[in-house]
Amino acid sequence: MDEAGGSGTASDIGVAPGDGRFHVTLTNFEGPFDLLLSLISKHKLDVTEIALSQVTDEFINYIEAAGDSLDLGQATEFVVVAATLLDLKAARLLPSADVEDEDDLAALEARDLLFARLLAYRAFREAADFLRAHELDQSRRFSREVSLEPRFAGALPDVLLGVGVEAFAALAAKAVQPQVPVEVSTSHLHVPRVSVREHAGILRQRLAGGATTSFRSLTSDCSTTLEVVARFLALLDLHTRGSVSLEQLTALGELHVRWTAAKEDADPEAGQVWDDQEQPDGPDATQAQVVGDDGRQPRPA
Amino acid sequence: MTAAIDEHLRGAVEAILFVVDTPVPAATLAELLDVEEVIVTEQLHALASEYERQHRGFTLRPAGEGWRLYTREEYAEHVERYVTEGQRARLTQAALETLAVVAYRQPVTRSRISAIRGVSVDGVIRTLLSRGLVAEEGSDPQTGGGLYVTTELFLEKLGLSSVSELPDLAPLLPDVESVLSEDSNP
Amino acid sequence: MTAAIDEHLRGAVEAILFVVDTPVPAATLAELLDVEEVIVTEQLHALASEYERQHRGFTLRPAGEGWRLYTREEYAEHVERYVTEGQRARLTQAALETLAVVAYRQPVTRSRISAIRGVSVDGVIRTLLSRGLVAEEGSDPQTGGGLYVTTELFLEKLGLSSVSELPDLAPLLPDVESVLSEDSNP
């Protein structure tokens, strides 16, 4: 593999002096396949399933370290690939077993598809190398672009502008306007950012006293519905972890919350489930769990 | 007499190539010079190899659907000083990869390209459109998504005369066809 | 060895002459190629007679204080025919947009236009010059770059009697004033 083909290099990785946390500039990688191929070539491995399972940990470390620098769209791509890789790795670690149920079959299919997509991507990347070589050659050739000799200039047919004054002005307006990328604005979809992790923190703080509290009073300071939702999701999360007990005597009635874990249990993992996901929704939570529960701390490559 | 006629034809072809500002198709030359296209094509090939043989400062190359004179690569460093700014903007890795997908799969939708590259390609496609290297041509009957193709300028910029000059993908990846055709019908 | 050196020198001289738009003095070539002026002059004469002898489509002639390539007289009719029939009467979109920038921002340098349009505009500016729609008038005191203005012919084509009759851009583009004032002070 041509290492220079990857847009990311080892120099993108480093430990920040301040917090000692491991930082990675994932934006230097054009997506999960680019990152995967770079990792594989870094280890001088050929693209095989074994190579994939070998670089899985590093791949996941990259994503974890990337943190907020990924937008949701990018993160999804990376996480989907990470989940499949983990699956692949698990399959290699476990003694080979027969395919038992449909989930296993689905996992196998996902693995094959990932493998095939990676190979396909690599093929196109090699084609891109071909294009690059040609571009380089061509950039060293210059075409003759000089003014017409005066005696021929007179032979030019009379020029047609083909537009009226108004259309011409519109063209000018378009031309002098700074190039703003044409994009459908999604800003209206982004109601203020709400972090479920943050709300879990608030809940822990308030509940750790031990007294039973109603959900109503726990959300009395919330100013938006989204905050209430975030707090509720955080509550469910704490419940799954056995940190709180929930009691609701009648349907749609008051929800009573009580802290059941040890008082000083800061439960550092609790926030990991959401890990700064700004859009608390089901599927993402599940995928984040795959990564978070793996429990690996990022480490320098 | 044949030699003299050829010499005149060669000179005329050379003179026209000398003033054009885009690649000229052999057919256009044939029409202008009132000769058979096949004869012009023959002359073009002869000229190109003559320039090679004489190791001239310029070369004659097929570019896109026509032919055009260029300076020989070897002299690039001398020529560069005379060629003004802005012409050497290189394509990024993302742009080249996206172009490769479009070139091989055209006409192709944005989402197909995105699936192959594993990232959103909206920004790159916009850049390639604005630089005239790809164009939108019709839309996918199933998804309604715009279909993208490479342009003449793409061929010219890369010194290719047709996309058929691209290397075969198959040796790079035995299975690529089956995988790709699978995900083209979601 | 001398022959090989000469061949490289000849090629380099040829390549430079190929891309320049104005006559090049032998002294300039000599400096650029790091050889004695007398040697370059010798090469230029040798090239000129080689073109004669080979009866090429172009000739090399002293012009003003330098040397320049021209199409050979003999083929003028073919070139003229190409220019008359092969050229589009209508301006391309790129040329039209560049013309619009010149019209509204004049006097303006090529590099400013290039910055506004985001692409090299050398080729289109040449087209607009040769079509008589823009003209060079003075140069930018800071950068020394030539300043371009629109011509009488341009006004005529749009049916205006003065540039001040061009419609105001502001209503077309709410932010245009800030944009214009902003980018007039780079």
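FYI, side chains are in, hydrogens and waters are out, and symmetry mates aren't considered; it's all heavy atoms of this structure. Naming: A, B, ... by sequence-line order, numbering from 1 per chain.
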Chemist: Using 0.5 Å steps for rounding, measure from the NE2 atom of His134(A) to the CG atom of Leu166(B).
Modeler: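 That separation rounds to 8.5 Å.
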Chemist: Find the distance between CZ (Arg140(A)) and CD (Glu74(B)) and round it off to the nearest 0.5 Å.
Modeler: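 Answer rounded to 0.5 Å: 9.5 Å.
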Chemist: Is there a donor-acceptor pair under 3.5 Å between the side chain of Glu73(B) and the backbone N or O of Gln138(A)?
Modeler: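 Side chain of Glu73(B) to backbone of Gln138(A), a donor-acceptor pair under 3.5 Å: no, none is there.
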Chemist: Heavy-atom distance under 4.5 Å to chain A: side chain of Phe18(B), backbone, both or neither?
Modeler: both
Chemist: Out of curiosity, Arg125(A) CZ to Leu96(B) CG, how far, rounded to the nearest 0.5 Å?
Modeler: 12.0 Å
Chemist: By a 4.5 Å heavy-atom criterion (distance strictly below it), what part of Leu69(B) contacts chain A: side chain, backbone, both, or neither?
Modeler: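 For Leu69(B), the contact with chain A is made by the backbone alone.
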Chemist: Return the CZ to OH distance between Phe124(A) and Tyr104(B), rounded to the nearest 0.5 Å.
Modeler: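 Reported to 0.5 Å precision, the distance equals 8.0 Å.
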Chemist: Is NZ or CZ of Arg117(B) both nearer than 6.0 Å to the six-membered ring centre of Tyr121(A) and within 45° of the ring axis?
Modeler: no
Chemist: Taking all non-hydrogen atoms of both residues into account, name the closest pair between Pro32(A) and Gly118(B) and its distance.
Modeler: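 So the minimum-distance heavy-atom pair works out to CD-O, 3.3 Å.
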Chemist: Can you establish whether the number of heavy atoms outside Glu77(A) located under 6.0 Å from its atom CD is more than 12?
Modeler: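 Correct, the count exceeds 12.
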Chemist: So, Thr71(B) side chain and Arg141(A) main chain: donor-acceptor pair closer than 3.5 Å or not?
Modeler: no
Chemist: Using a 4.5 angstrom heavy-atom cutoff, name the option from Leu131(A), Val81(A), Asp112(A) with the most pairs to chain B.
Modeler: Leu131(A)
Chemist: If you count every heavy atom of other residues, nucleotides or ligands that lies below 6.0 Å from Glu31(B) atom CD, does the total exceed 12?
Modeler: no
Chemist: Does CD in Glu137(B) sit with more than 12 non-hydrogen atoms of other residues, nucleotides or ligands closer than 6.0 Å?
Modeler: no
Chemist: With chain A as the partner, which of Thr98(B), Val19(B), Leu160(B), Thr92(B) has the greatest number of non-hydrogen pairs under 4.5 Å?
Modeler: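 Among Thr98(B), Val19(B), Leu160(B), Thr92(B), the one with the most close pairs to chain A is Leu160(B).
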Chemist: Measuring from atom CG of Leu17(B) to atom CZ of Arg144(A), what distance do you get when rounded to the nearest 0.5 angstrom?
Modeler: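 CZ of Arg144(A) is found 11.5 Å from CG of Leu17(B).
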Chemist: Are Ser143(A) and Arg68(B) close enough that a side-chain donor and a side-chain acceptor fall under 3.5 Å?
Modeler: yes
Chemist: As an exercise, state the distance from CG of Leu99(B) to CD of Glu135(A), rounded to the nearest 0.5 Å.
Modeler: 9.0 Å
